[in-house]
Amino acid sequence: MSDVFRNGRFEADDWVVLDDDADVPADGAAFVSLSRWTAERNTLAGRNAPLGVVVRAGDRVEDIEADINRFSAIAVEFPQFTDGRGFSSARLLREDFGYTGEIRAIGDVLLDQIPLMRRCGVDVFDVTNEPTRAALEDGRMPDVSLYYQPVGAVPEVPAGTRPWARRPA
């Protein structure tokens, strides 16, 4: 069992992240990879314990859109500080797919990124970076007061602009 940063404090967490070749326990909260969910969907969907999926950098988050409400939590991987694909996945989950469950950041979660992750819909943080843990334990959360990109439910991609920000139909 580890702990996660949730609601402004660290708290115990009993979720486990399963390797693709690990047995799925009959009970207890467990995360499986998106590829494992796709391969074993019928078996995993019948599980009576909380199930979550891990969206890794490079995964097509669109592949779970139809099953989004089956997951008690979704873990979004941030493999390194310079890889922003997790931000895009979190926004798709919250804004485009309407996911209301827990979105958890895993991987290289650094203090300066947490306000930006929260803005994209992440609400739980699996923090292993010691300086980040120490800052959060001391109540030092950075504040970002000026954002250069819009976010939210209002249409923000006017026709003819930012074509890279539109999803294919």
Side-chain angles (χ1 to χ4, degrees), residues 2-6 10 13-22 24 29-41 43-45 47 50-133 135-136 141-142 144 147-153 156-157 162-169:
S2 63
D3 59 357
V4 292
F5 190 75
R6 175 188 288 128
F10 282 97
D13 181 62
D14 59 354
W15 281 83
V16 296
V17 178
L18 301 174
D19 290 331
D20 282 345
D21 58 352
V24 178
F31 284 109
V32 297
S33 68
L34 189 146
S35 60
R36 185 170 188 176
W37 168 259
T38 302
E40 301 176 29
R41 182 183 181 280
T43 303
L44 293 169
R47 190 168 185 267
L51 182 70
V53 66
V54 176
V55 176
R56 291 189 163 65
D59 282 349
R60 284 181 32 88
V61 71
E62 295 88 347
D63 291 348
I64 60 169
E65 182 176 8
D67 295 318
I68 202 86
N69 293 319
R70 292 181 179 267
F71 305 115
S72 299
I74 298 176
V76 176
E77 180 188 49
F78 291 83
Q80 59 188 3
F81 178 76
T82 58
D83 191 334
R85 292 177 285 181
F87 292 99
S88 299
S89 293
R91 284 195 64 187
L92 284 171
L93 290 166
R94 281 283 186 241
E95 295 176 21
D96 287 9
F97 305 161
Y99 183 67
T100 58
E102 173 184 298
I103 297 180
R104 175 181 301 212
I106 61 171
D108 196 20
V109 177
L110 301 179
L111 185 65
D112 290 344
Q113 292 178 314
I114 291 177
L116 304 172
M117 291 174 179
R118 291 177 69 192
R119 191 164 187 259
C120 290
V122 176
D123 45 17
V124 176
F125 306 88
D126 188 345
V127 180
T128 57
N129 179 275
E130 286 304 319
T132 298
R133 287 184 67 86
L136 291 172
M141 175 70 77
V144 178
Y147 295 97
Y148 292 105
Q149 292 183 338
V151 68
E156 62 180 60
V157 186
R162 296 174 52 208
W164 62 89
R166 288 191 285 276
R167 286 185 41 217

**Request:** Quick one: closest heavy-atom pair of T132 and L110, and the distance?
**Result:** OG1-CA, 3.5 Å

**Request:** Measure across A45 and R70 and return the closest heavy-atom pair with its distance rounded to 0.1 Å.
**Result:** CB-NH1, 3.2 Å

**Message:** Could you check whether any side-chain heavy atom of F5 comes within less than 4.5 Å of a side-chain heavy atom of R133, counting everything from C-beta outward?
**Reply:** no

**Prompt:** Yes or no on side-chain contact (heavy atoms from CB on, under 4.5 Å) for I74 and V61, after CA distance, side-chain angles and deciding distance?
**Reply:** CA-CA 11 Å; I74 298 176; V61 71; over 6 Å; no

**Prompt:** So, E77 side chain and G107 main chain: donor-acceptor pair closer than 3.5 Å or not?
**Reply:** no

**Asked** Any idea which heavy atoms bring W37 and I64 closest together, and the distance?
**Response** CD1-CG2, 4.0 Å

**Charged N-O contact under 4.0 Å between R60 and D63** = yes

**Asked** Do side-chain atoms of Q113 reach the backbone of F81 as a donor and acceptor pair under 3.5 angstrom?
**Response** yes

**Fill in**
Rounding to 0.5 Å, atoms CG (L44) and CZ (F71) come to a distance of 8.5 Å

**Asked** Going from CG on N69 to CZ on F97, what distance comes out if it is rounded to the nearest 0.5 angstrom?
**Response** 12.0 Å

**Request:** Please lay out, stage by stage, how V124 and D13 fare under the test side-chain contact (heavy atoms from CB on, under 4.5 Å).
**Result:** CA-CA 11 Å; V124 176; D13 181 62; over 6 Å; no

**Prompt:** What is the minimum heavy-atom distance between P115 and P142, and which atoms define it?
**Reply:** CG-O, 3.3 Å

**Item:** Exam field: side chain Y99 to backbone G121, donor-acceptor pair closer than 3.5 Å
**Value:** no

**Message:** Quick one, L51 and V24 - any side-chain contact, counting heavy atoms below 4.5 Å?
**Reply:** no

**Asked** With distance as the sole test, does D123 use its side chain to make a donor-acceptor pair with the main-chain N or O of I103 at under 3.5 Å?
**Response** yes

**Message:** Once side-chain hydrogen bond (donor to acceptor under 3.5 Å, both in side chains) is applied, do any residues pair with R47, and if so which ones, sequence neighbours excluded?
**Reply:** none

**Message:** With a 3.5 Å distance limit and no angle check, can you tell me whether D83 reaches the backbone of Q80 through a side-chain donor-acceptor pair?
**Reply:** no

**Asked** Just by distance, do the side chain of R94 and the backbone of C120 share a donor-acceptor pair under 3.5 Å?
**Response** no

**Request:** Kindly indicate whether the side chain of I114, heavy atoms from C-beta on, has any atom under 4.5 Å from the side chain of L136.
**Result:** yes

**Complete:** Heavy atoms of A75 and F31 approach each other most closely as N-CE2, 3.7 Å

**Fill in**
Distance col, row D126:CG vs D3:CG, nearest 0.5 angstrom, shows 8.0 Å

**Asked** Rounded to the nearest 0.5 Å, how far apart are CG of D96 and CD of E65?
**Response** 7.5 Å

**Item:** Parallel, tilted or perpendicular: ring planes of F78 versus F87, cut at 30 and 60 degrees
**Value:** perpendicular

**Prompt:** Got a sec, which residues hit side-chain hydrogen bond (donor to acceptor under 3.5 Å, both in side chains) with E102, two or more places apart in sequence or on another chain?
**Reply:** R6, R104

**Request:** Answer yes or no: is there a donor N or O on one side and an acceptor on the other, between the side chain of N129 and the main chain of V109, under 3.5 Å?
**Result:** no

**Request:** Quick one: list whatever passes side-chain hydrogen bond (donor to acceptor under 3.5 Å, both in side chains) with R36, sequence neighbours left out.
**Result:** E40

**Nearest heavy-atom neighbours spanning S33 and D20** = OG-OD1, 2.6 Å

